[in-house]
Amino acid sequence: MSTLSPEVQEQLASLAAKYAADGQDLASFLEGLHRTEYITYWDYVQLDTLLTLQKPRTAYPDEPIFIMYHQITELYFKLSRHELEPLVDAAVPATLEELVRRVNRVNRYFHALATSFGVMADGMEREQFLKFRLALIPASGFQSAQYRFLEFASTRLEHLVQLEHRAALMEQGADPQVLLDHVYWRQGATLEETGEKTLTLRQFEAKYGETFRTTALRWRGNTLWDLVQNLSDEDRQNPELVQALRGLDHQINVDWPLQHYRTAVKYLAKKPSDAPATGGTNWQRYLPPRFQKRIFFPEMWSEQEQEEWGKKWVDQQLASLDPQA
Ligand code: HEM
């Protein structure tokens, strides 16, 4: 029988001490190890399960593309939450270094999303999309809760209020519940004429409304925006931090929404009138960043930059647009 190397003996002694401290027997754990199978790649990443999560509702061959790219996006949203939520939950200290490191990771994820949106814009046949989407009403990406969590984590509620009411509610020092009632997406999915909420919104609120409320209240005063305000003047002006935060604002509130909007235009714009969105918003007014002006860190932008939020890009796109009926 081969003798155990000093390193292995040392590991065994250390393991024996670890288990003894919990009143456990090392020999039984070693026996269990002996019986355990090697981990495989496919089990580790749950590949078989992952690949069964695409369940199209129609037989159009491009529908799985639509599902898979949404799923990919949701995973990137989850990666982004994984960076921001420990900060706003105060699980890690919000030092300058930690803020820069984590925000840059989120920026990397959103850059990947914004630059891959061609999978949606150019990667499906328009005719197929226009057919299979009808089987999806009233579901809409509008109902992505993770997208809302990212917003709640990034900035104070005041900055998420619909533009029309934002300044007034901020000036009044409105109650968080009032701010939540006026959050831009709730207003965007409420019919102006009747004040009636779309079915998409009603479903969304029924499922997540309470979680949104408790989460937004829990993070109140500790969002990324607040954490930045708590830094020293010197740290707050740190060029790397400023670049990271402006990057985040631009990636989440301009670049990604514009790629998304461009795709909506490509599929839904037609003469003489545009196709309605599955979620029922007035999407031509709702989606463009220049109308919403969602800005997480307004202090980081000049008045002119805020005024022209997302405008230049849309002007270019609309000028080159020639939708076919
Ligand atoms: C062909 C592709 C797509 C089209 C035509 C499209 C269209 C739309 C439209 C019209 C809306 C407005 C809400 C409504 O009335 O339905 C919307 C919202 C939204 N969609 Fe998409 N979408 C597409 C792909 C995606 C993908 C891949 C995602 C990834 C998760 C996504 C996420 C969202 C989100 C988060 C919103 C809410 C945006 C906001 O509140 O500002 N969409 N989409």
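Just so you know, ligand 1 is whichever comes first in the structure, and atom 1 is the first atom listed for that ligand.
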Exercise. Between Ser140 and Thr278, what is the shortest heavy-atom contact and its length?
Worked result: CB-OG1, 3.9 Å
For this session: State yes or no: are the ring centers of Tyr19 and Phe29 separated by less than 6.0 Å?
Result: yes
For this session: Could you check atom 35 (C) of ligand 1 against the protein and tell me its nearest heavy-atom contact, residue, atom and distance included?
Result: Gly141 O, 3.4 Å
Problem set entry | Part of Arg294 within contact of ligand 1 (heavy atoms, under 4.0 Å) | side chain
Seminar exercise, completed: Within the 4.0 Å heavy-atom cut-off, what Leu287 brings close to ligand 1 is side chain
Problem set entry | Minimum-distance protein heavy atom relative to atom 25 (C) of ligand 1 | His70 NE2, 3.3 Å
Exercise. Is the closest basic N to carboxylate O distance between Lys293 and Glu305 below 4.0 Å?
Worked result: no
For this session: Indicate yes or no: at least one non-hydrogen side-chain atom of Leu113 is less than 4.5 angstrom from one of Phe77.
Result: yes
Exercise. Going by an N to O cut-off under 4.0 Å, is there a salt bridge joining Lys266 and Asp122?
Worked result: yes
Problem set entry | N or O contact, Ala264 vs ligand 1, cut-off under 3.5 Å | no
For this session: State whether Lys197 and Glu205 are salt-bridged, where the test is any N-O pair (Lys NZ or Arg NE/NH1/NH2 against Asp/Glu carboxylate O) under 4.0 Å.
Result: yes
Exercise. Within a radius of less than 6.0 Å around CZ of Arg57, do more than 12 heavy atoms belonging to other residues, nucleotides or ligands occur?
Worked result: no
Problem set entry | Protein heavy atom at shortest distance from atom 15 (O) of ligand 1 | Thr281 OG1, 2.7 Å
For this session: Using a strict cut-off of 4.0 Å, indicate which atoms of ligand 1 neighbour a heavy atom of Tyr286.
Result: 39 (C), 40 (O), 41 (O)
Exercise. When you check the gap from the basic side-chain N to the acidic O, do Asp89 and Arg218 get nearer than 4.0 Å?
Worked result: yes
For this session: Quick one: look at Met124 and ligand 1, take heavy-atom pairs under 4.0 Å, and tell me if it's side chain, backbone, both or neither.
Result: side chain
For this session: Would you kindly specify which portion of Arg133 sits under 4.0 Å from ligand 1, judged on non-hydrogen atoms: side chain, backbone, both or neither?
Result: neither
Problem set entry | Protein residue, atom and distance nearest to atom 3 (C) of ligand 1, heavy-atom basis | Phe66 CE1, 4.2 Å
Problem set entry | ligand 1-proximal atoms of Trp256, by part, heavy-atom distance under 4.0 Å | side chain
For this session: Indicate, as side chain, backbone, both or neither, the part of Gln284 found under 4.0 angstrom from ligand 1 when only non-hydrogen atoms are considered.
Result: neither
